[in-house]
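Below: the structure, in structure tokens.
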Amino acid sequence: MQLSPRQQQIVAIVKRSGPITSQQIAEELNLTRAALRPDLAVLTMSGILEARPRVGYFLSSKPSQALVAEEIKKIKVSDVKGLPRVIRANAAVYDAIVSMFIEDVGTLVVVDEEGHLEGVVSRKDLLKAAIGGGDLHRMPVSVIMTRMPNIICTTPEESVLTAARKIIEHEVDALPVVRPVEGQGKKLEVIGRLTKTTITRLFVELGEGGR
């Protein structure tokens, strides 16, 4: 459910001043009670607000879930993405392991000289390579990385909710944030990353009213 700007204003007023009557809300918004009725009806039927005779409107006893869900749907990947942690395909697996620990990340994005997406390497990939007994100093990342079209990506315009679903459904720790390179076919420029930690931090901020 997408709240209208007026409905968002009403929720903010009730959160700040509730319990509050419809007349008082109307006065704050410089509207008539009749003009507010449809919005108040939507908010009460959706469970965000409750109303009692001679008391007025107040936040429902279970409003936080609805409000957090509403907020998450509006947040785009571009609002929360972090800097990408990248490595070249010809880098040694040993160097990838060192980079992963120094950067304290679970996934490295493999890019070419122009920053275009070539692959993704995870902790599991590096662990398999280490257990395999090969020469990690000579083995290139390109041998163990996941390549397109098997890389799950997100875009700046995609909602965080949609991106989070991808992380869950595909059981990955992070998504490269990419955008198409104009005039270069299917090439994708890596401009960020979205991780499980990013999403967890977002939920905490929403729960604490930080957004």
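Since the structure is predicted, the reported quantities are computational estimates derived from the model, not experimental observations.
With a 4.5 Å cut-off on side-chain heavy atoms, L49 and S60 do not count as touching. Using a 4.5 Å heavy-atom cutoff, the side chains of V93 and R138 are not in contact. A heavy-atom distance below 4.5 Å is not found between the side chains of P84 and V177. Taking 4.5 Å as the limit, every side-chain heavy atom of V178 sits out of range of all side-chain heavy atoms of I191. At least one side-chain heavy atom of V160 sits less than 4.5 Å from a side-chain heavy atom of V80.
In this structure, the side chain of T44 engages the main chain of A41 through a donor-acceptor pair within 3.5 Å. Although no hydrogens or angles enter the test, the distance criterion places a donor-acceptor pair under 3.5 Å between the side chain of K166 and the main chain of C153. Under the 3.5 Å distance criterion, the side-chain polar atoms of Q24 are matched with a main-chain donor or acceptor of T21. Side chain of D79 to backbone of K76: a donor-acceptor contact under 3.5 angstrom is found. Between the side chain of R54 and the main chain of R52, no donor-acceptor pair closer than 3.5 Å is present. Judged by distance alone, the side chain of R193 and the main-chain N or O of L83 form a donor-acceptor pair under 3.5 Å.
The shortest heavy-atom contact between K81 and G192 is CD-CA, 4.4 Å. Shortest non-hydrogen contact noted between S99 and L108 is CB-CD1, 4.2 Å. Residues L59 and V14 approach most closely at N-CG1, 3.7 Å, considering heavy atoms. When all heavy atoms are compared, the tightest approach of H137 to A92 is O-CB, 3.4 Å. Heavy-atom minimum distance, R88 versus D112: NE-O, 3.6 Å. The two atoms that bring V120 and P176 nearest to each other are CG2-CG, 3.9 Å, heavy atoms only.
Rounding to the nearest 0.5 Å places OG of S78 at 11.0 Å from CG of L194. Here the CG atom belonging to L126 is positioned 9.0 Å from the CG atom belonging to L136, to the nearest 0.5 angstrom. Interatomic distance, I10 CD1 to L43 CG, rounded to the nearest 0.5 Å: 5.5 Å. Annotation: the span from H116 atom NE2 to L188 atom CG amounts to 9.0 Å, rounded to 0.5 Å. Atoms CD1 and CD, from I48 and Q8 in turn, are 9.5 Å apart once rounded to the nearest 0.5 Å.
Atom CG of D135 sits in a crowded spot, with more than 12 heavy atoms from other residues, nucleotides or ligands closer than 6.0 Å. With a 6.0 Å radius and a threshold of 12 heavy atoms from other residues, nucleotides or ligands, N150 has its CG atom above the threshold.
The salt bridge (charged side-chain N to carboxylate O under 4.0 Å, His left out) analysis of residues 16-29, with sequence neighbours excluded, yields the pairs R16-E28.
Side-chain contact of T195 with T198: a donor-acceptor pair under 3.5 Å is present, judged by distance alone. A donor atom on one side chain and an acceptor atom on the other are found under 3.5 Å apart for T154 and E158.
Within the hydrophobic cluster formed by Ile, Leu, Val, Met, Phe, Trp and Tyr side chains joined at under 4.5 Å, directly or through other members, I131 is accompanied by L127. Cluster partners of I168: none. The rule joins Ile, Leu, Val, Met, Phe, Trp and Tyr whenever side-chain heavy atoms lie under 4.5 Å apart, and it links nothing here.
The only option from L117, V121, L175 that meets the side chain to side chain contact (heavy atoms under 4.5 Å, CB included) definition with V109 turns out to be L117.
We find that R179 and E157 are not joined by a salt bridge, their nearest charged nitrogen and carboxylate oxygen being 4.0 Å or further apart.
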